[in-house]
Colleague: 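Handing you this structure, nothing more for now.
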Protein chains: 2
Amino acid sequence: MAGSRKPARAEEPNRRADIVRAASRLFAAKGYAATTIRDIAKAVDMQSGSPFYHFKTKHDMLRAVALEGMETIARAVGAAAAQGGTPREVFDRMLLAHLEQLLGEDGRCFAATLLHEGRHLDPEALAELVVQRNRYEALWQEALKQLKRAGEIADDSPVARLFLLGALNWTVQWYRPDGGRSVKQIARQLSTLLLKPKL
Amino acid sequence: MAGSRKPARAEEPNRRADIVRAASRLFAAKGYAATTIRDIAKAVDMQSGSPFYHFKTKHDMLRAVALEGMETIARAVGAAAAQGGTPREVFDRMLLAHLEQLLGEDGRCFAATLLHEGRHLDPEALAELVVQRNRYEALWQEALKQLKRAGEIADDSPVARLFLLGALNWTVQWYRPDGGRSVKQIARQLSTLLLKPKL
DNA sequence: CCTACCGATCGGTAGG
DNA sequence: CCTACCGATCGGTAGG
């Protein structure tokens with residue numbers, strides 16, 4: 001509508017990445033099925049047929065968004081886990097990393113798409129994603145195991161991991177950056193809720 | 001496909017309720033936007049135009065599903081909260097009631113639609129739902145307050161409530177009735193994870 | 001509740 | 001990457 005021509009920062013326009021980013025925003029806001037190719041094209045100032053020069057199908061755009069979302073989170077939390085320290089320090093760093101990717105400016109639309117639109121992926125793309133997700137969740141299982149060994153948490157079972165990830169992933173539904181609560185605060189509150197008092 | 005004519009148990013066919021139930025299943029499985037009126041009609045053995053004899057628009061079907069989902073959960077958990085007992089007893093009963101509605105045979109498709117398709121509701125229907133949701137969440141806030149007062153939980157802030165509801169609502173994503181875990185077990189594990197040991 | 005239908009829109013493509 | 005377009009499908013309706 002309001003002529004939103006991009007600043008076009010010289011060099012490598014990388015229109016493919018533009019499409020993926022626009023798609024992530026639209027998929028997150030309206031859902032995959034309700035987003036049209038024309039929506040995406042308009043968001044990057046293209047004609048309606050042009051996105052197909054970069055992607056074979058609409059489904060391929062969804063796959064690109066979902067995979068990028070998963071990879072980004074796994075990379076950030078993996079790095080946090082690899083830094084070492086007490087089980088509690090590791091866990092707190094992982095919480096913060098996960099929430100920063102989920103709620104941060106750049107990542108939130110990728111994460112929301114990943115978490116909500118997975119059912120529109122074909123079996124092959126879904127399987128690919130599940131492999132990565134299992135690897136990712138194993139990081140958390142290990143972190144819980146260390147916490148339990150240190151006597152800092154009441155339960156380190158797979159169900160506990162699912163509850164933890166549920167509490168984290170659900171933040172996408174309610175967290176608003178302008179709501180006065182920082183991501184760091186939120187991460188700390190979850191730590192407080194789950195771990196034994198620090199004394 | 002496979003001629004699925006209903007047994008038609010004599011008396012009051014109540015086709016409207018049939019449509020709502022079929023819609024809840026389809027909305028939960030494929031999403032609102034990807035579900036067609038023809039899908040719904042076929043599921044209740046009607047012709048494609050006939051559902052509009054019962055509902056003015058597809059959107060009205062979504063509203064009916066979402067409202068019924070919200071009301072059912074609120075009623076079940078409200079009853080659990082009203083039964084009295086120690087804060088811990090009340091909380092455990094509420095956990096079980098919420099999970100039973102969310103994961104039980106009848107409720108799960110209503111709940112999944114409620115939790116995932118809210119963005120397709122128009123502002124008016126959404127506002128109606130938010131009013132009920134706020135009332136519902138206040139039940140949980142009060143339960144947390146009582147737990148905190150009794151020294152059974154580390155945090156009773158609004159963020160703690162959101163984490164709790166996130167852990168609960170996320171179960172829709174992973175719980176499978178045939179997975180060997182009962183709903184009661186799951187409820188108990190969340191209680192263990194969040195509350196101080198019973199000693 | 002069915003028959004028959006409509007206008008709009010959609011994902012995708014041919015050819016440049 | 002645009003122009004011009006296609007076949008399919010969609011939500012919804014008129015009339016019975």
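The sequence lines fix the lettering, A, B, ..., with proteins before strands; numbering per chain opens at 1.
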Colleague: With DNA chain D as reference, determine whether A:Met46 or B:Lys56 sits nearer its 5' end, using the nearest nucleotide of each.
Modeller: A:Met46
Colleague: Determine the interplanar angle of the A:Phe27 and A:Tyr32 rings, folded into 0 to 90°, and report it as parallel if under 30°, tilted if 30 to 60°, perpendicular if over 60°.
Modeller: perpendicular
Colleague: Map A:Ile19 and B:Ile37 onto DNA chain D by nearest heavy atom, then report which one ends up closer to the 5' terminus.
Modeller: A:Ile19
Colleague: Count I, L, V, M, F, W, Y as connected when their side-chain heavy atoms are under 4.5 Å apart, and connections chain through other members. Are B:Leu95 and B:Trp174 then in the same cluster?
Modeller: yes
Colleague: Answer yes if the side chains of A:Glu142 and A:Gln146 hold a donor-acceptor pair under 3.5 Å, and no otherwise.
Modeller: yes
Colleague: With pairs defined as Watson-Crick or G-U wobble and both distances under 3.5 angstrom, please note down DNA chain D as a dot-bracket string, | for pairing with another strand.
Modeller: ||||||||||||||||
Colleague: Report yes if the side chains of A:Arg16 and A:Asn14 come closer than 4.5 Å at any heavy-atom pair, otherwise no.
Modeller: yes
Colleague: Ion pair present between B:Lys58 and B:Glu117, side-chain N to carboxylate O less than 4.0 angstrom?
Modeller: no
Colleague: What are the 5'-most and 3'-most nucleotides of DNA chain D lying under 4.0 Å from any heavy atom of chain B?
Modeller: D:dC10 to D:dT13
Colleague: Answer with base, sugar-phosphate or nothing: what part of the nucleic acid does B:Thr36 contact at a heavy-atom distance below 4.0 Å?
Modeller: sugar-phosphate
Colleague: Relative to the 5' end of DNA chain C, which residue comes earlier, B:Ser50 or A:Gly49, by the nucleotide with the nearest heavy atom?
Modeller: B:Ser50
Colleague: Under a 4.5 Å cut-off applied to non-hydrogen side-chain atoms, are A:Tyr175 and B:Leu162 in contact?
Modeller: no
Colleague: Decide if the gap between the ring center of B:His116 and the ring center of A:His116 is smaller than 6.0 angstrom.
Modeller: yes
Colleague: Under 3.5 Å, side chain of A:Arg93 to main-chain N/O of A:Gly84, donor-acceptor pair present?
Modeller: yes
